[in-house]
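Along the sequence shown, residues are numbered consecutively beginning with 1.
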Amino acid sequence: MKPLQISPETAITLSKQLGVPLEHLMHMPQHILLQKIAELSKKQNSPQAENGNEESPSGKDSQ
C-alpha cells in the first residue's frame, strides 16, 4: 500500500485534529481516513447546526 497523496501541511493538521500519529496517518487506508474526516466534520458542524436551530423559532414569528 502506497502512502497517501497529501501535502505535508495537510498531514500534520489531520494528525493533530484526529489524534493519530503522523506515521499511522500516512499509511492509513484511504477509506478509513475519509471516514475519520467525515466524523471530524460532523463534530465541528454540530454546534453550528444547534445554533441555527435555536434561531428557527424566531424566524416563524417574522412571517
Side-chain angles (χ1 to χ4, degrees):
M1 177 176 13
K2 66 179 182 177
L4 296 171
Q5 300 295 314
I6 57 176
S7 71
E9 294 83 13
T10 302
I12 292 169
T13 302
L14 284 173
S15 174
K16 288 178 183 177
Q17 290 183 351
L18 295 174
V20 176
L22 187 59
E23 295 81 14
H24 291 201
L25 179 79
M26 292 306 296
H27 294 284
M28 186 179 291
Q30 187 174 4
H31 69 281
I32 294 175
L33 179 60
L34 291 174
Q35 180 182 5
K36 289 186 177 286
I37 291 172
E39 291 171 4
L40 182 63
S41 177
K42 285 180 185 177
K43 287 179 186 178
Q44 289 179 347
N45 290 334
S46 62
Q48 294 172 356
E50 290 174 6
N51 291 339
N53 290 339
E54 291 174 4
E55 296 174 8
S56 294
S58 64
K60 291 179 182 177
D61 294 336
S62 63
Q63 290 180 352

request  = Check side chain to side chain donor-acceptor pair (under 3.5 Å) between Thr13 and all other residues, then give those that pass, not counting sequence neighbours.
outcome  = none
key: Shared hydrophobic cluster for Leu34 and Met26 (ILVMFWY, side-chain gaps under 4.5 Å)   = no
message = Holding to side chain to side chain contact (heavy atoms under 4.5 Å, CB included), I want the full list of residues that pass it with Ser41, two or more places apart in sequence or in another chain.
response = Asn45
Tell me which donor-acceptor pairs under 3.5 Å the side chains of residues 16-23 have, and how far apart each pair is, sequence neighbours excluded?
none

note = One should read off an interatomic distance between Ile6 CD1 and Ile12 CD1, to the nearest 0.5 angstrom, of 10.0 Å
